[in-house]
Structures are given as C-alpha cells and as structure tokens.
Chemist: 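I'd like to ask some things about the structure below.
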4 protein chains.
Amino acid sequence: MSEIAPAEKETGRSEAVSDGVFAIAVTLLVLELKVPQLGEEAGGLELWSALLARWPSYLAYLVSFVTILIVWVNHHRLFGLIQRSDSRFMFLNGLLLLVVTTIPFPTALLAEYLEKPAAWVACAVYSGTFFLLALSFNAFWRYAAHRDRLMAQPLSAEQRTQIGRSLLFGPITYGIAFALAFFSVAASFGLCIILALYWAVAGFEEATRKA
Amino acid sequence: MSEIAPAEKETGRSEAVSDGVFAIAVTLLVLELKVPQLGEEAGGLELWSALLARWPSYLAYLVSFVTILIVWVNHHRLFGLIQRSDSRFMFLNGLLLLVVTTIPFPTALLAEYLEKPAAWVACAVYSGTFFLLALSFNAFWRYAAHRDRLMAQPLSAEQRTQIGRSLLFGPITYGIAFALAFFSVAASFGLCIILALYWAVAGFEEATRKA
Amino acid sequence: MSEIAPAEKETGRSEAVSDGVFAIAVTLLVLELKVPQLGEEAGGLELWSALLARWPSYLAYLVSFVTILIVWVNHHRLFGLIQRSDSRFMFLNGLLLLVVTTIPFPTALLAEYLEKPAAWVACAVYSGTFFLLALSFNAFWRYAAHRDRLMAQPLSAEQRTQIGRSLLFGPITYGIAFALAFFSVAASFGLCIILALYWAVAGFEEATRKA
Amino acid sequence: MSEIAPAEKETGRSEAVSDGVFAIAVTLLVLELKVPQLGEEAGGLELWSALLARWPSYLAYLVSFVTILIVWVNHHRLFGLIQRSDSRFMFLNGLLLLVVTTIPFPTALLAEYLEKPAAWVACAVYSGTFFLLALSFNAFWRYAAHRDRLMAQPLSAEQRTQIGRSLLFGPITYGIAFALAFFSVAASFGLCIILALYWAVAGFEEATRKA
C-alpha cells in the first residue's frame with residue numbers, strides 16, 4: 001500500500017497542474033481579441049462594422065477554445081485510467097502542455113492574416129500546431145498504455161483498439177489540414193473548424209456512450 | 001461503490017477547472033486598465049484628471065468583476081447539489097466557461113466607447129454577453145436538474161421552482177438591458193449596474209437565508 | 001455530521017479559488033515589466049542603463065509582490081482558524097480578492113510616474129490601494145471572528161486581541177502612507193517599502209513564534 | 001495526531017499555490033511571442049521569413065519553458081519528502097516563486113536583443129535570473145533538509161549527499177553561463193540550452209532510476 005499511495009498522489013498533482021495550464025491557456029486566448037481603435041467621432045454602425053470585420057479573430061478564438069477544451073476533456077478521461085506516474089511520463093505530459101500553452105500564438109497569427117495574401121502561411125502554422133498537439137497527445141497516451149505500464153487496471157483489447165484508433169484520427173486529420181494550407185486556406189481552416197465541431201458533438205456522444 | 005467514486009471525482013475535477021477559469025477570467029480584467037500616457041512634464045492634477053476621465057474603465061471593471069464573482073458563487077452553490085457528470089454536462093459547462101472567459105473583451109470595448117457616439121453598440125455587445133452568460137447558465141442547470149439527472153439527491157418541488165425562477169431572472173433582465181442599448185446607453189448600462197448590485201446584496205441574502 | 005461536511009467543503013473551495021486569484025495576481029505583475037525599445041544599433045551599456053533607469057518598475061514590482069504574498073500568508077493562516085462559511089463571508093472575501101486583483105494597475109501607474117512631477121498622485125493611488133486592501137482584510141476577519149461566528153473553535157481572548165491588534169496595524173500605517181503622498185513621495189513610498197520588509201521579516205518571525 | 005494533520009494541510013496548500021504560480025508563469029511566456037506586423041499586401045513567403053527571423057523568441061521561449069518545467073518537477077519531487085512547514089520555509093518558497101514569476105521578463109529581453117549588439121547584457125540578465133533561481137532553490141531545500149527540520153522521514157546520508165550535490169550543480173553552471181555572457185553570447189546562451197536539454201533528458205532519467 002505504501003507504493004500505491006505515492007503513485008496516486010503523483011498523478012493527482014500532475015493532473016492538477018495540467019488542469020491549471022489548460023485553464024490558463026484557454027483563458028489567455030481572450031487577450032488576442034483586440035478592441036478596434038476608431039476616431040473619437042466614429043458612430044455606432046462604424047464600430048459595428050469594425051467589430052464584424054474581425055470575424056477571423058472570433059472564429060480562430062472559438063476553434064482554439066473548443067479544441068483546447070476537447071483535448072482537456074480527453075486528457076481528463078485518459079488520466080482517469082492512469083494510476084502511476086514516472087519521469088518520462090511527466091516529460092511527455094510536459095511536452096503536451098508546451099504545445100497547449102503555445103496555442104494563443106498561432107491563433108493570433110491566423111486572426112491577423114486570415115484575410116491577407118499571407119493567410120496560407122498563418123494557416124499552415126495554425127494547423128501544424130494542432131498536428132503537433134495531436135502527436136504529443138498520442139505519445140502521452142501510448143507511453144502510459146504500452147503494456148499497461150501506468151494503468152490502474154489492464155486495458156481490455158477492445159478499449160486499447162478503440163482509444164488507439166480514436167487518437168490516431170487526430171494526427172491524420174490535422175496532417176491533412178496542414179497539407180491543405182498550401183493549396184487552399186478555406187479548405188485547411190475549414191477542416192479545423194469541422195474537426196472542432198465534430199469532436200464537440202460526436203466526441204462527446206462517444207464519451208457518453210462509453211461511460 | 002465503484003460507480004459512485006469516479007462520479008464524485010468527475011465532478012470534483014470539473015469544479016476545480018471551472019474555479020480556475022473563473023479565477024483567471026476575473027484576474028485578467030485588470031489588464032484592461034491602462035496607465036494614462038502623459039507628457040514627461042505632466043503635473044499631478046493632470047494625472048489625476050486623466051485617471052478620473054477613465055471612470056468608464058473602472059465602472060466596467062467593477063460590474064464585470066462582480067458579475068463574474070456572482071456567477072461563480074451560484075455555480076458553486078448549484079454544483080454542491082450535483083453528484084454525477086456526463087459528457088453533455090461537461091460540454092454545457094464548457095460553453096458557460098467560454099462565455100465567462102470572453103468577458104474581458106466586451107468589458108474593454110465598453111470602457112473604450114462608453115463616452116463616444118458608438119457607445120450603444122459597445123453596450124449592446126456588453127449586455128448581450130451577459131445575456132448569453134445567463135442563457136448558458138440556465139442550460140447548464142436545467143440539463144443537470146432535469147428529472148434529477150445528475151443530482152446527489154432528488155430536488156424538492158420547492159427547490160426546483162425556486163432555483164428555476166431565480167435562474168430565469170437572468171436572461172430576462174439582461175435581454176431587457178440588451179434591447180435598451182438601442183435606445184439609451186445610460187438605461188442599458190445602468191440596468192447592468194443595478195443587477196450586479198442587486199445580486200451582490202439580495203442574492204447573497206437569499207443564499208444566506210436558504211443555507 | 002451532515003452539517004459539518006458541507007461547511008468544510010465550502011471553506012475548502014473558497015480557499016482554493018482565493019489561492020488561485022492570489023497566484024494569478026502575483027504572476028500578472030510581471031507583465032508590467034516592459035522590455036526597453038532601443039534602436040537596432042544600441043550597445044550593451046546603453047541597454048544596461050536603459051534597464052537601470054527602470055528601477056521604479058522593479059521596486060514597485062517587488063513591493064507589490066511581497067505585499068500580496070504576505071497578505072496571502074496571513075489569509076492562509078486566518079483561514080486555518082475558520083471552519084464555516086456563509087454568503088456574507090464569501091462576499092467579504094470577494095471584496096478582498098477584488099482589491100488584490102486590482103494591484104497590478106497602481107503598480108504599473110507608480111512605475112510609470114515615480115520619477116515624474118505627477119508622482120504624488122501615483123503614490124497616493126498606490127498606497128491608497130494598500131489601504132483599501134488592509135481595510136477589506138479587517139472586514140473579512142472581523143466578520144468571521146465576531147462572536148466566533150465562523151470559527152472552528154472559540155478564539156482565546158489573547159488570540160482575539162493579538163490578531164485584532166496586528167490587523168489594525170495595516171489600515172493605520174497605509175493610511176499614513178496615503179496621507180504622506182501629498183507631502184513627500186519618498187516618505188510615502190518609503191513607508192510602503194519598510195512595511196513590506198517589516199512584514200516579510202517580523203511578520204514571519206511572529207507567525208513562527210505562534211506556530 | 002492533531003499536530004500532524006495541520007502540518008500536512010500546510011504543505012498541501014503551499015504546494016497547490018506553488019503549482020498555480022508555476023503553471024501561470026509557464027503559460028504567460030506565450031504572451032512574449034508577438035505576431036509580426038507586416039503590410040496589408042505582404043505575401044506568404046514574407047510572413048514566413050518574418051516568422052523565421054523571430055527564432056530567438058522561440059528559442060528563448062523553449063529554454064524558459066523547459067527550465068521552469070524542470071524546476072517544477074524537482075520542486076514537486078522534493079516537496080514529496082517534506083511534511084511540515086513553517087514561516088521561514090514559506091518565505092523561502094515565496095522567494096523561489098518570485099524568481100519563477102519574473103522569468104517572462106528576461107525571456108522577452110533576450111528574445112528582443114539576441115541578434116543585436118546589446119545581446120551580452122540581455123544574456124547576462126537571462127542567465128543571471130536562472131542563477132538566482134538555482135540559488136533560491138538551494139536555500140529552499142537546504143532550509144527544509146537541515147537536520148531533517150521539515151522532513152517526513154529522516155533523510156539517508158546517501159539521499160542527502162545526492163540531492164545536495166545535484167542541487168549545487170545549478171548555481172555553478174548558471175554562474176558560469178552568467179560569466180560567459182561578458183565574453184560570448186553564443187557560449188552563454190548555448191550553455192543555458194545545453195543545461196535545459198541535459199536536465200530534460202538526464203535529469204528525468206535520474207529521477208526515474210531513483211523512483
């Protein structure tokens with residue numbers, strides 16, 4: 001028992017810090033929403049159209065918010081299966097957090113350039129970040145699940161297949177979004193939006209069904 | 001028992017992350033308070049009047065702070081009645097957090113435009129955000145309380161009516177504040193101030209009486 | 001027992017959110033430290049003197065950091081004596097957090113104006129904020145301690161006198177610092193520095209002695 | 001037992017606040033990554049090279065992120081050996097947190113000046129901050145471990161030597177990096193990078209071996 005207790009505590013504190021980083025990253029996104037600076041005499045309709053003209057900011061904000069939240073929900077769900085912790089696992093979790101904390105930067109980049117000729121570069125950086133996020137999420141889980149290394153209970157073959165497949169979906173789709181950026185910004189960013197929506201809806205359904 | 005334990009943990013972690021988001025959103029508001037940039041030789045009285053001229057910033061800061069805090073207190077109180085969690089509930093809670101984290105933006109917008117001709121648009125966005133906040137708070141609670149879906153104990157008919165009514169108050173009053181923005185900024189923002197004061201005083205009294 | 005359990009939980013979550021707000025407020029202070037913007041060709045000594053010229057920023061940063069930390073330590077210590085919570089107590093704790101989250105603003109104001117003619121106004125706002133902080137801390141404690149309202153155990157007469165006296169020290173000294181700002185910036189800010197040092201040293205000693 | 005329980009709680013809350021500060025400091029780093037401001041007509045390759053030109057920002061970001069994370073992992077590991085808390089310990093922990101929260105400032109400074117003539121000053125401030133971080137980490141640990149003052153269990157002679165030696169490594173190497181800044185920016189910053197990599201790899205290995 002003296003072995004189990006510290007292990008539980010280990011995971012507990014890792015989870016708490018991860019939660020903190022997710023919560024802060026998601027909240028810092030709002031700092032990228034800038035108030036339009038108009039002249040003193042600008043009227044309401046002028047402000048209204050200045051606000052509307054910033055739709056790329058809001059869209060990028062929303063997609064990033066939802067994506068971080070979904071990663072958090074899944075991080076949460078998978079952590080529920082993990083009992084032990086070791087240093088490499090903490091390292092891989094740290095790598096995941098590194099990508100998560102970086103997200104406000106590509107979000108601001110995309111918001112700035114979405115309607116400009118350089119949009120494809122901004123979009124490649126944006127989807128590329130999500131690609132790295134999906135990769136590090138896979139590394140995080142596969143290390144923990146490999147031969148039930150850090151699991152509370154041995155995974156069933158079905159669980160292992162299901163989670164593994166569902167996690168593979170991320171790098172593949174974001175890899176496609178990244179490649180699309182070089183051809184069509186609309187297709188690349190559109191795929192990121194669809195993925196956020198898909199996970200927000202279908203992903204939650206799936207989680208419900210399993211629970 | 002193995003079913004109850006994870007459920008409790010589920011809620012616990014959701015509450016912790018929600019608390020984190022509330023705490024960060026409320027603290028980030030201060031970043032909207034900007035130090036006046038005066039000339040090197042500006043005297044004290046000049047700085048003083050520059051500070052006073054920023055009263056819309058302070059007022060918007062205060063109203064947003066109090067409103068977020070009150071939502072937090074109520075979120076806290078209602079979460080106390082909730083035992084279980086599921087994915088849709090986490091989704092609705094996430095939606096609520098999305099609106100909460102957005103609040104620094106309309107707050108900065110209102111502070112910038114409150115004394116300018118475009119004030120009515122800023123005020124509509126501001127009260128409209130609180131309207132969405134109240135709506136998502138209702139969705140959060142009604143999903144959890146529907147047929148005692150996630151409750152620790154069945155709600156009494158009286159509890160159900162009382163909480164339901166008190167929650168309906170939010171969308172209605174902020175809906176009115178939103179509509180008023182198109183006619184009178186003073187009336188719309190004034191209503192937001194009155195609501196913050198009302199909940200800070202009466203709401204707390206009510207909570208005390210019940211506890 | 002069903003009465004004690006929720007009360008304990010109540011305080012627990014209030015403490016956790018307060019901790020979050022303290023941690024964020026203290027960390028946001030760093031955003032007020034601005035990197036000097038020099039020409040492309042500026043040499044090392046030029047940067048060095050530009051950095052040194054910002055000493056008011058660093059000093060204001062340090063004093064605010066230490067003051068927030070000390071308030072946190074005392075908040076922590078007094079919360080250790082508190083068992084129950086009610087809505088007015090949460091309101092007073094919220095008021096305290098409002099002042100704490102505001103501190104980055106007067107800190108930036110003082111850093112900007114400490115060496116300019118308007119320094120006395122910046123200094124009055126700075127020390128005035130600490131005065132309000134001390135007042136709200138007194139309200140927080142006196143409400144909880146009044147007739148042992150929310151205490152875990154009845155306070156001894158000695159405890160009551162000692163804590164009460166030690167808490168009164170804050171509003172009095174910061175009130176003096178506030179008044180001094182109108183006569184001498186050096187005296188007013190100097191007193192804030194001395195108080196931070198005093199509490200960092202003597203306050204900690206006192207806490208040690210008692211514990 | 002009444003003596004042990006509060007002590008455990010004491011450490012628990014200190015750890016939680018420390019975790020919060022680490023999480024926030026690490027997440028705030030991203031605010032130093034600025035979106036390039038190019039003309040409306042700038043093409044993708046122009047944006048791409050503007051992004052690449054900011055490599056000092058990314059490198060400084062990465063090194064600071066990894067360094068804070070490693071300090072956090074070690075803080076976490078050592079806190080696991082600590083059972084009690086006293087006011088001086090909280091003071092030393094506060095000092096450590098002060099240095100941690102400051103890190104975004106030298107990081108932004110280095111990012112701004114790494115390719116300019118003033119780089120050696122920025123680099124001295126950067127490595128000097130890590131030197132202070134290592135010093136305060138040593139003070140934190142040595143105070144707690146001195147004659148097993150705050151330890152859960154007496155340290156073995158081997159543990160004491162190993163941890164003590166490993167902690168001494170920090171001030172020595174960062175002291176060298178600081179001194180190198182006056183001769184070669186590449187050598188000084190290069191050493192900071194190597195140290196971050198070394199701790200990320202070897203440090204984690206060591207932690208694994210011990211656990």
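Residue numbers start from 1 in every chain, and the chains themselves are labelled A, B, ... in the order their sequence lines are given, proteins ahead of strands.
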Chemist: Anything under 30° is parallel, anything over 60° is perpendicular, the rest tilted; go ahead and classify Tyr61(D) against Phe65(D).
Modeler: tilted

Chemist: Checking Val100(D) against chain C: side chain, backbone, both or neither under 4.5 Å from a heavy atom?
Modeler: neither

Chemist: Chain D heavy atoms under 4.5 Å from Leu29(C): which part of the residue, side chain, backbone, both or neither?
Modeler: neither

Chemist: Quick one: what part of Glu46(C) sits under 4.5 Å from any heavy atom of chain D, side chain, backbone, both or neither?
Modeler: neither

Chemist: When only pairs under 4.5 Å are counted, which of Leu62(C), Leu45(C), Val30(C), Leu47(C) shares the most heavy-atom pairs with chain D?
Modeler: Leu47(C)

Chemist: Please determine whether side-chain contact (heavy atoms from CB on, under 4.5 Å) holds for the pair Leu81(D) and Ile163(D), giving the CA-CA distance in whole Å, both sets of side-chain angles, and the decisive distance to 0.1 Å.
Modeler: CA-CA 11 Å; Leu81(D) 303 171; Ile163(D) 297 176; 3.9 Å; yes

Chemist: Take the angle between the ring planes of Phe137(C) and Phe140(C) and call it parallel below 30°, perpendicular above 60°, tilted in between.
Modeler: tilted

Chemist: Report the relative orientation of the aromatic rings in Phe182(D) and Trp120(D); use parallel for angles under 30°, tilted for 30 to 60°, perpendicular for over 60°.
Modeler: tilted

Chemist: Checking side-chain contact (heavy atoms from CB on, under 4.5 Å) against Val185(D), which of Leu114(D), Val121(D), Leu180(D) comes through?
Modeler: Leu114(D)

Chemist: Quick check on Phe22(C) against chain D: is it the side chain, the backbone, both or neither that has a heavy atom closer than 4.5 Å?
Modeler: neither

Chemist: Report which part of Leu51(C) has an atom under 4.5 Å of a heavy atom belonging to chain D: side chain, backbone, both, or neither.
Modeler: side chain

Chemist: Using non-hydrogen atoms and a 4.5 Å limit, figure out which bit of Ile24(D) sits close to chain C: side chain, backbone, both or neither.
Modeler: both

Chemist: Please name the pair of heavy atoms, one in Arg142(D) and one in Gly164(D), separated by the smallest distance, quoted to 0.1 Å.
Modeler: NH2-O, 3.1 Å

Chemist: Heavy-atom pairs under 4.5 Å with chain C - which of Ala122(D), Ala118(D), Pro104(D) has more of them than the others?
Modeler: Ala118(D)

Chemist: Which answer fits Ile103(D), side chain, backbone, both or neither, if we ask what part of it has an atom under 4.5 Å from a heavy atom of chain C?
Modeler: neither

Chemist: Check Phe130(C), Phe131(C), Tyr126(C) against Tyr174(C) for a ring-ring contact (aromatic ring centres under 6.0 Å, His included) and give me the one that passes.
Modeler: Phe130(C)

